[in-house]
Amino acid sequence: MPVVDEATFRRKALELVARIPAGRVVTYGQLALLAGNPGAARQAGQIMHSLAGSDLPWQRVINAQGRVSTHKLGFGDLQERLLQAEGVVFGPSGRCDLGKYQWWPDEEKAATPERLF
DNA sequence: ATTATGACTCTCA
DNA sequence: ATGAGAGCCATAA
């Protein structure tokens, strides 16, 4: 059973998305976990679905395989371009290195010098 | 109340 | 590496 109510879950999820630095990404499952509802990766996606046209960096949310999950929806191409514009590199299989770009909240406190570029 | 539907994720074959 | 299948959880019908 959920650890937090839907409203809270959604609020925290959006909060997290807003904090993702350019050039970094987070997964749906990760978002669900951090928002207080482990296992609710689908809801994370559901929330993103409702973000159409918002000012949030929705493009920085991808699936656990390091691939964008929006090709079926038609704008997967756009999402990849936006990310590449921020420095994220996608391999020929349309996959990027999560170990390298995945972002975690606590990183804000610790400086993350190199890595990028 | 029940069913259908996903911007999901794991586990196997 | 690729794909099917089964959990998962909330929303819309």
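Chain letters run A, B, ... following the sequence lines, proteins first and then strands; every chain starts at 1.
In this structure, the NE2 atom of A:His71 is 13 Å from the P atom of C:dT2, given to the nearest Å. Going from atom CZ of A:Arg67 over to atom P of B:dC8 covers 11 Å, rounded to whole Å. One interatomic measurement links the two molecules: CD1 of A:Ile47 to C1' of C:dC9, which rounds to 11 Å at whole-angstrom precision. Between the P atom of B:dA7 and the CG atom of A:Leu83 lies a distance of 18 Å, rounded to the nearest Å. Rounding to whole angstrom units, CG of residue A:Leu73 and P of B:dG6 are separated by 9 Å. With rounding to whole Å, A:Arg11 atom CZ is found 17 Å from C:dA10 atom P. Atom pair A:Asn63:CG and C:dC8:P shows a separation of 20 Å (rounding to whole Å applied). A straight line from CG of A:Leu31 to P of B:dC8 spans 12 Å, rounded to a whole angstrom.
Among the heavy atoms of the strands, none lies under 4.0 Å from A:Gln65. The residue A:Ser93 sits apart from the nucleic acid: no heavy atom pair falls under 4.0 Å.
OP1 and OP2 of C:dC8 both lie 4.0 Å or more from every side-chain N or O belonging to A:Asn37.
Of the candidate nucleotides B:dA7, C:dC9, B:dT9, C:dC9 has the atom nearest to the side chain of A:Ala40. Closest to the A:Gln46 side chain, of the nucleotides B:dT9, B:dA7, C:dT11, is C:dT11. Listed nucleotides: C:dA1, B:dT9, B:dC8. Nearest to the side chain of A:Ala64: B:dT9. Nearest to the side chain of A:Thr27, among B:dA7, C:dA10, B:dT9, sits B:dT9. Side-chain proximity of A:Arg42 to the nucleotides B:dC10, C:dG7, B:dA7 is greatest for C:dG7.
The two residues A:Tyr28 and A:Asn63 have their closest heavy-atom pair at CE1-N, 3.5 Å.
A:His71 NE2: more than 12 foreign heavy atoms inside a 6.0 Å radius.
Checking A:Val68, A:Leu98, A:Asp97 one by one against A:Val25, the side-chain contact (heavy atoms from CB on, under 4.5 Å) holds for a single residue, A:Leu98.
Using a 4.0 Å cut-off between a side-chain N of Lys or Arg and a carboxylate O of Asp or Glu, A:Glu15 and A:Arg11 qualify as a salt bridge.
A donor-acceptor distance shorter than 3.5 angstrom exists from the side chain of A:Thr27 to the backbone of A:Gln30, with no hydrogens or angles considered.
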